[in-house]
2 protein chains.
Amino acid sequence: MNRKMPVKRVRTKQKRLSADDRRSEFVTKATELFAEEGFGGGTRALARRLGVTQPLLYRYFPSKDDLIKEVYRKVYLEPLEIGWEKLLSDRSRPLRVRLQEFYEVYTDAIFNRRWLRIYLYSGLKGLDINRWYVGMVKDKILTRILRECRHDAGLATQSRPSAAELELAWVFHGGIFYYGVRKYIYEAPVLEDKAQMISDALDIFLAGFERMAESATDRRRAPIKVVG
Amino acid sequence: MNRKMPVKRVRTKQKRLSADDRRSEFVTKATELFAEEGFGGGTRALARRLGVTQPLLYRYFPSKDDLIKEVYRKVYLEPLEIGWEKLLSDRSRPLRVRLQEFYEVYTDAIFNRRWLRIYLYSGLKGLDINRWYVGMVKDKILTRILRECRHDAGLATQSRPSAAELELAWVFHGGIFYYGVRKYIYEAPVLEDKAQMISDALDIFLAGFERMAESATDRRRAPIKVVG
DNA sequence: GGCTCAGTTTATCGAGCGATCACCAGAGAT
DNA sequence: ATCTCTGGTGATCGCTCGATAAACTGAGCC
């Protein structure tokens with residue numbers, strides 16, 4: 001291996017990676033760069049992070065936009081790998097426990113500088129993938145949570161939650177989400193114990209849902225219009 | 001007035017504004033542009049919106065950064081003109097009513113595409129003015145709300161709220177804020193009745209605060225059991 | 001009328017951007 | 001040892017950016 005070492009030093013930067021390795025390295029470092037600088041971050045700055053030259057990027061991606069799309073795909077799909085259905089819908093465990101664990105796991109996945117910044121940057125661009133994600137949170141998380149809450153409260157499990165219920169869940173979810181924004185985007189001091197924050201938020205959400213469920217049995221809630 | 005009209009049309013673009021007018025026009029249109037495009041929006045695009053040429057900007061602002069700072073100043077100070085102290089601290093009115101009215105007025109001020117986008121863009125840049133604003137929300141809104149809540153619950157009005165209380169208030173506040181983000185940044189469907197959303201959020205926050213205050217008398221802040 | 005001065009434009013600079021093309025170099029097969 | 005294939009580089013193009021300097025212009029004043 002190292003017999004017959006030539007006088008000329010080997011390049012400190014290890015070059016000549018396999019195509020797959022180099023490609024995924026581009027995506028990884030691009031995620032870091034774009035998280036910090038926004039998607040205006042330059043291809044030259046990206047190449048510098050890899051220790052390669054800028055044109056090399058174009059051997060792996062037709063354009064910067066394609067690289068960005070790859071970054072989206074990776075970032076948006078990251079938190080989906082944690083098996084939500086089981087955590088939320090396993091009725092052999094108490095609802096309170098399920099919700100606590102789900103939000104601890106979910107926030108473990110998305111509460112970091114990289115994910116949150118990419119998410120907000122792409123949200124500001126108004127991309128389809130962002131809308132898709134928001135819709136997925138609604139359908140796969142909030143709707144499911146509400147269904148479990150209704151079941152737990154002994155209410156009829158209707159197929160779709162009411163607009164008011166959904167909004168309640170959104171405000172709850174958004175409150176937790178905003179904890180991450182405060183900590184990792186604003187870098188503001190927050191209550192360090194994340195699990196405690198989730199627990200407290202859950203307390204008031206569940207108490208609020210109960211109250212709402214109770215009053216719903218007495219008098220019917222007025223239907224509330226939602227724009228599409 | 002229109003006798004003896006010369007052949008050559010008068011310039012459609014009204015030029016030669018007074019210095020003050022032109023300057024504030026720059027700030028106004030820059031706010032709109034940066035809200036849409038982010039602060040990467042170009043000075044030429046800005047000039048086009050005013051119907052003038054790009055170098056004119058530099059007669060009014062030494063650099064683009066100075067213009068941006070002016071935009072911050074205007075945007076961040078906008079919602080401060082609504083007299084918070086009176087709305088929150090006027091104990092002649094019921095707490096619930098004060099909070100409802102405050103959040104309706106406050107969200108009227110900040111829930112619009114322009115404000116929210118500028119706010120998020122500047123938040124992502126991690127600027128001092130953003131930290132200042134977050135600190136101000138904490139000191140001038142949340143701390144005040146908590147003090148009023150403690151007073152209302154017959155608890156001792158301590159000078160500063162506990163970290164857990166503050167976090168509770170932040171999650172509540174963040175949940176409401178996130179409503180605006182969902183509507184104006186994500187452009188997702190939301191419960192159209194903003195007052196209703198605030199009312200529901202207040203219900204669960206106040207109920208949660210009460211419970212927390214009750215259990216605080218036991219020197220114990222155990223998670224509240226949900227009756228099923 | 002002619003002077004003045006402030007608001008505005010024309011022309012241009014240097015730097016950085018994304019992207020392209022011809023070329024280089026080194027590991028593996030022969 | 002030489003060939004070949006492919007990962008990687010150097011040079012450069014066209015464009016846009018923020019910023020500067022000099023020239024223009026039109027309303028108000030004498």
Problem set entry | Parallel, tilted or perpendicular: ring planes of Phe61(A) versus Phe26(A), cut at 30 and 60 degrees | perpendicular
For this session: Identify the heavy atoms of Leu88(A) and Leu99(A) that sit nearest to each other, and give their distance.
Result: CD2-CD2, 3.9 Å
Problem set entry | Donor/acceptor link under 3.5 angstrom from Arg16(A) side chain onto base of dA27(C) | no
Exercise. Which of residues 54-62 of chain A have a heavy atom under 4.0 Å from DNA chain C?
Worked result: Gln54(A), Pro55(A), Tyr58(A)
Seminar exercise, completed: Per atom distances to the Ala19(A) side chain, the nearest of dG7(C), dG10(D), dG7(D) is dG7(D)
For this session: Determine, for Arg114(B) against Glu78(B), whether the closest basic-nitrogen to carboxylate-oxygen distance falls under 4.0 angstrom.
Result: yes
Exercise. Is a donor-acceptor pair below 3.5 Å formed from side chain Arg44(B) to base dG18(D), judging by atom type as modelled?
Worked result: yes
Exercise. Taking the six-membered ring for Trp, are Trp115(A) and Tyr133(A) ring centroids under 6.0 Å apart?
Worked result: yes
For this session: Check every strand shown and say whether Ser18(B) touches a base, only sugar-phosphate, or nothing at a heavy-atom separation below 4.0 Å.
Result: nothing
Exercise. More than 12 non-hydrogen atoms from neighbouring residues, nucleotides or ligands closer than 6.0 Å to CZ on Arg96(B), yes or no?
Worked result: yes
For this session: Report the relative orientation of the aromatic rings in Tyr178(A) and Trp170(B); use parallel for angles under 30°, tilted for 30 to 60°, perpendicular for over 60°.
Result: tilted
Exercise. Asp65(B) CG to dG18(D) P: how many Å, rounded?
Worked result: 11 Å
Problem set entry | Distance, rounded to the nearest Å, where Asp21(B) contributes CG and dA27(D) contributes C1' | 16 Å
Exercise. Within less than 4.0 Å of OP1 or OP2 of dG18(D), is there a side-chain N or O belonging to Thr43(B)?
Worked result: yes
For this session: Respond yes when some side-chain nitrogen or oxygen of Arg22(B) is under 4.0 Å from OP1 or OP2 of dG7(C), and no when none is.
Result: no
